[in-house]
Structure formats: structure tokens, C-alpha cells
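A note on names: the letters A, B, ... follow the listed sequences, proteins ahead of strands, and every chain is numbered from 1.
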Amino acid sequence: MQLTGLRRTGVLLAIPGIALVLLLHWQVFFWVPTEVTMGVIQRIYYVHVPSAWVAFMAFGIVAACSAAYLWLGDERLDMAAVSAAEGGVLFTTIVLLTGPLWARTAWGTWWTWEPRLTSTLLLWFIYVGYLLLRGATDSPQRGKRFAAVLGILGILDIPLIHLSVTWFRSLHPQAVVMRPEGPQADPSMVITLLTGLAAFTLLFFAIMTYRYALERLTVERSTAFAGTPAPSVAGGGA
Amino acid sequence: MRKKGLSFSLAIAFVLVATSLLMAQGAGDISQLARQNLRPYWHVFIAYILVWLILFGWVVSIARRLGRIERGLQGSGPPSGR
Amino acid sequence: MTLVDVPVAPAVPTVTPAPALDARELVKDFGPLRAVAGISFAMRPGELLAVFGPNGAGKTTLLRMLAGALKPTSGEVFLGSERLEPGAAEWRRSIGVLSHQTFLNPQLTAAENLRFYGQLFGLRDLATRIPERLERVGLLDRAEMRVRHLSRGMQQRLSLARTLLHDPQVILLDEPYAGLDPHAAALLNRALAALRDGERTILLITHNLAEGFDVADRLAIQVNGRFVFQGSRAGLEGGEFPRFYARVVEGASR
Amino acid sequence: MTAYLNQVRIIVWRDLTVELRSRERIAAMGGFAVLVAVLIYYAIDLTIVRPRDVAAGLIWMTILFSGMLGFGRAFAMDLEQDQLQGILLSPISRGAFYLGKTIANFALLTAVEALVFTVFGGFFNLSYGGTAWLIVAVVVATAGVAGLGTLLGAIAVHTRPSDSILPLLAFPLLIPLVIHAVMATGRLMAGRPPAEVGGNLRMLAAFAILFLAAGTVLFRYVVEE
């Protein structure tokens, strides 16, 4: 069990992560100026965008680990994939919840079939399907392979999904797109956003490390309980 | 058990910090821009709370699952049938 | 490793330089579960090895690895002198599998089923080969009948014809006696005898101690993913084999 | 190469022969499609909505749902008497097996589509202008649907809630394809020039190629252990 090593890694990632989170809150609430056109609501941006970034990165990890798992068959790759997928789905949930909170003020509506919202929603469904599929088979090994196939399929589909929904919308009058990184953006806004990106990335990897350790332990426990045949035929009795 | 308590207290600390900071900021702005709608403040407030609730929910769920397995591994050990 | 109170000396497999089927330390894990835990054996052409064992001993897993349907977690299997790798198309071409499931489609006729598998195996002379094979299993007059109208015994005979259609070098049988009427069982045993004369290598997995013992050259007993007994049947009487089997299994799983 | 195509051909022949004899899936899919058409007729207030404005979307909804119904069963048939195992133990290329299954599913869905277009045309008094390009659009979209449906059908057949999990997995991946299928079909039915749907057709082709290529490569990981 190298799990103590894993835990140490998790803590080493979490400490700067939490520090950056604290810094981010100070920046967001005390330091960064209020954006001129959108007002206070724009501050959601500093968690919304980092969440989206982390979610995409997580799904990228899922796809890469899934492909490698199918190729090499190493169980650890599958454990990494499921850990990343769980995180990816949660961060996508954050994106989908904070987005409408912003849109209600900025666009005057909770939900709109704006391209980015639509692709994010579909992405969420695809990877919820990934998590469901793992538990839906009688043989866990099969579930892992099926999920890996879906994980790869999902990432391949993303560019086409995005292209399609953008296309679909572009034929209609387009709503305002939020662009704080536009020409008039204050450098402090960029700094705050970068802090958010760094904080979320570190936190994601810290939690994912723990999630991975959990997956390892789960497998080790089922080995101890569900019984590999005893190593020696002569053993036993007592 | 200790880990669980730690995550809970951290969660509460964060929510408190976020809440108080937002309140402070909101209160300041209200006095200056009294005419502005209050809704955006609430939405920012809810958004930040949701983010940390979800993340801490994830951490707590992992910690609980880890704890359960570790108790299983150390406490009972493999069943005596073998 | 082997049990002390065995009445026969377990024969160390001494085989000709190029065994027809050579398995070395085969291991198969399903996640945390170890279904096959290190099995080695070698067979020469014309030999029939019968593997017995209780449910859950990993017999079917072993057979599916030998068939190339499952990739071993570790260990190696070789086929013939060419040292083929399991799972390759050439490997599948040299193996025939007969299971208690027939692999036949009930909506297709007997001849169509054989034609389907014949084409999958890339056989060219199907126009002559299929009637000849149907003749051999006594189903020529049923060639145009759909399989779902055939009796269970006939289906199993057709399945035997399907297994041998491409003249495999190695034949793997998984509980072939299940659901067979005595006529079909006798036919199967005659076919097995003919195949051994034809220098084919046969591995048989069965619960049926009597049938299995009668046809085998060598016996193996698999418990918990291992061969706990492997040896020739010399020195064993058919009548005492069930008791011997029960003792070995009980000793190994205690 | 010829061996590969032969393997594809023999699988297609087998699946279609079996389907023609049992008519299990075509009956379920066709019956479902006609019933949906009847339901939709009563679900739409024809004094408010002009049917041909929404026909393309309704037609594709019907096609998609009946397709899921059929694809879920494409591999269920092979589990009987363990035929799937028998096929996998033969030296067939896994890609060829997948393509054969996909072509058979494609043929089946095309037959259902012919029925759907006829029935909707009759019920809602639709006229299909620009027929040649309409057929191109439908065929390309169907190739994509069949390509993904076959791959996911092979997955779904080994899951416990096998009938409910296939649409759950397939629809998020298929929605973008449906967008283009509906746009192309709708515009062509309204008599717009084919040039207007060129982009949609290219996107449909992109989806079809992606799904077929991914299926050919990934299928072996679905069926092999």
C-alpha cells in the first residue's frame, strides 16, 4: 500500500490550493473592481470559468486514461479515469448552476439554448452516463471497458457537438457573450481569473488524488474479502 | 473520524468567510448605489455558496467512503471462513 | 502442491519436443478475483485431457483462454510448432469449440448455419463440405430444416459438425454431454475416438465423471483455479474414480 | 481485403435473413413508428400549428426512438445459444463484424424511415420537394445513427437495465446530429435550394464518419475480454 504517499501528495496539493482559494476570495470581494457594463454579477465569472476549465481538463484526463486502459489493461488507469470523471461531472454541475445565476441578470433568463450552455449540458449527460454504465453491468470488468469506450466517444464528440450547436444558434440573433477578457478588461480582473484557475486546478488534483486512493482501497478490500483462492492449497483449517 | 470533523469545520469556516465577505461588500455597495437592484448580490452570494457546498460535499463523501473501508480493513479483517 | 494420499503417482507431463498445445503458468484475474491461478500443461497430438472440477473452479475460464477468447493476465499458451499467439486469426482457425450452447441460429437452416460459419472461417469448398459433414452427423435429410425445428440432440449433433467444419487441430469441449440423448452421446464419443486417431488434440471439460473418465488419456482436477491433480488414468479403475475425485476435491478445498 | 469484405457481407446476409424470417424487430419498430404518428396527430392542434412547419422534427424524433428500439435488440438475438461467442471464436475481424452489424441495422432503419415518411406524408398531407437531396440527407444521417447505435447497442445488451440505458447513452451523443438532420430535412421539404443545406450535409457526413470509425476501432473492446 503506497497510500500514505498518495495522501501526502493530496495534502501537498491541497495546501497551496486552499491558500489560493482564500486569496481568490479576498481578490473577488475586496480587490477587483466591479465590471462596468455587467456590474456585480460579473464576479460569478471567477468561479464559473475555472470550474469549466477544470471540467474540460477532467474529461480530457478521462479520455486519455480510458484509451490507455483499453490499450494497456492496467487497472490503475481505470481508477484514475473514474476519479477524474466523478470530479468532471461535479465541476460541470457547478458550471451549470452558476451559469444560470449569471444569465438571470445578464440575459434576463435562467436558461437559454446558447451554444456553450447546450454543449455543457450534453457533456454532463454523457459523463453521467459514464458513471452509470460502470455500475450497470454484472461483471465489473465489463463495466470498466464499456465506460472507457464511452469516455473516448464523449471526447471525440465534443468538437462536433460544439460546432453543431454554435451553427444552430448562429442563424438566430445572438445573445450577449460574456467577455471580461475583452479590450477594456482591467489587469486585476485577469489576475483574479488566473488565481481562480490555479486554485481550482490544484483543488481538483488534490481531491482527485484522494478519490484515486479511495478507488485503490476499494479494490484492495474486495481482494481481501471476495477471495482470491488461497495461495496454498495446504493452508486453512484452524 | 477526525478527518471528517476537520472537513466539516473547514466547510463551515469557508461558508462563513464567503458569507461575511460578501455581506461586507454588498453592504458597502448598497449604501453607494442604493437604487440598484439587490438581485445580482444574492446571485453572486448563492453561486459562491453552491460552489463550496458541492466541493465539500465531494470531499466529505470521499472521506466517509475512505473511513468506512479503512474500518473494514483494520477492524474485522477477512472473514474467518478462509 | 499435490496431495500426499493419492493412489497414483502424478505423471510429470513428459512430452515430445513440439507439443500440440502448451500452456505455461496461465493466470486470469477478473479485477480482484483470480479465476485461474497458474495452470501449466502440455499435450501431444492425439491426446485427450479431461478436466474435472466443481462449479466455480475456473474451468470455463481456462477453456476460453485456450480458445483465444480471453486474454490471460499472465502466462503463455502456444499452439503447434509455430508457436502461435492466442487470439490471432490463425489461432482461431486451428481451434474448434463445442459447448453445451450450440452457437447456432434457430432461424437459419442446418445447412445455412454451417455455411455461415464456414464462410467466417474462409472455407472455399463449402458446396461439397457441408453435405459431407451433415451426412457424418446423420442430418443430411434435415439440411433445409430450420434449426429451431430440430430436436435438442440433433442441434447438438449439428453443433459438432460446426465445430469440426474447419478441421481444427485442437478441439475444446465444454460440457458437451449436457442435454445429449444416449444416441448423440455415443456419436460424440465415436467422433472423439476418430479425432484422436486423426492426431487431433482434445481438451474436455465436464462434470460427467463416467463419460469423461472413459474417453480420456489424461485426467486433471481443477479446484480454485489450479490443477490439484494431473496425471494419466493408469492405475485407476473407472469405478473408483468418483471416490478418488471426491477425496481430491475435498482435500483441496478444505 | 476481399476476406474482410466477405466477412462483412456474410454478417449482413445473416442478420437480414434472420430478420426477414422472424420479423421481430421490423414489426416492433414499424408498429411503434405508426403509433407515434397517430399520437402526434392528436397531440397537435392543427388549427394553431401547420404540420409541415414541425414535421421534420417529429419525423426524426420518431425515427430516433424506433431506432433505439431496434438497435437494443440487434445483439440480444446473438446471445441466444451463445452465438456471439461462436462468431467471436471464428477468425472474423472485429471491425468487419461491427460493420456488418451496422449495415444490417442501417438497412432495417432505412426500411422504417420509408414507412415513417410515407405515414407522416399521408397523415399530415406533406409534400416532399427536392427528393434526391432529401434521400441523401436521410441516408447520411441514418449511417451516423446506425453507426453509433450499433456500438452502443453492443454495450447496452450486457447491462442490466438494457432497454433504458441505450437511449440514455445514445441521445446526448446524437442530439447534434439530429439538429442537422432536422434542419436539412425541414429545409428540403420546404422546397429550399439544396445549396442552403450543404453545410448540414457536411456535418452529417462528419458525424457518420466519426461514429463509423470510432465503432470500427472500439468495437473489439466492447465484445472482447
Contact class of Ile87(D) relative to chain C, heavy atoms under 4.5 angstrom: both
Look at the aromatic rings of Tyr128(D) and Phe117(D) and report parallel, tilted or perpendicular, splitting at 30° and 60°. perpendicular
When you compare the side chains of Asn55(C) and His207(C), does any donor N or O come within less than 3.5 Å of an acceptor on the partner? yes
Engaged part of Asp82(D) at the chain C interface, taking heavy atoms whose separation is under 4.5 Å: both
Chain D contact via Arg64(C) - which portion, at a heavy-atom distance below 4.5 Å: side chain
Decide salt bridge (charged side-chain N to carboxylate O under 4.0 Å, His left out) for Arg73(D) and Glu24(D); before the verdict, give the C-alpha distance in whole Å, the side-chain angles of both, and the deciding distance to 0.1 Å. CA-CA 9 Å; Arg73(D) 305 222 171 275; Glu24(D) 261 173 40; over 6 Å; no
Does the side chain of Glu211(C) pick up a donor-acceptor pair with the side chain of Asn189(C) at under 3.5 Å? yes
Bottom line for Leu104(C): the part with an atom under 4.5 Å from chain D's heavy atoms is backbone
Given that the side chain runs from C-beta out, which part of Arg220(D) has a heavy atom under 4.5 Å from chain C: side chain, backbone, both or neither? neither
Ordered numerically, the heavy-atom neighbours of chain C under 4.5 Å found in residues 63-71 of chain D are none
If you count heavy atoms of other groups shown closer than 6.0 angstrom to CZ of Arg160(D), is the number above 12? yes
Hey, could you give me the OG1/CG distance between Thr159(D) and Leu169(D), rounded to the nearest 0.5 Å? 7.5 Å
If we ignore angles and hydrogens, is there a donor and acceptor under 3.5 Å between the side chains of Gln119(C) and Arg14(D)? no
Option passing side-chain contact (heavy atoms from CB on, under 4.5 Å) with Arg190(C) (candidates Leu188(C), Leu192(C), Leu187(C)): Leu187(C)
Between Glu112(C) and Arg115(C), does at least one N-O distance fall below 4.0 Å, as a salt bridge requires? no
Is chain C contacted by the side chain of Ile10(D), its backbone, both, or neither, given a heavy-atom distance below 4.5 Å? both
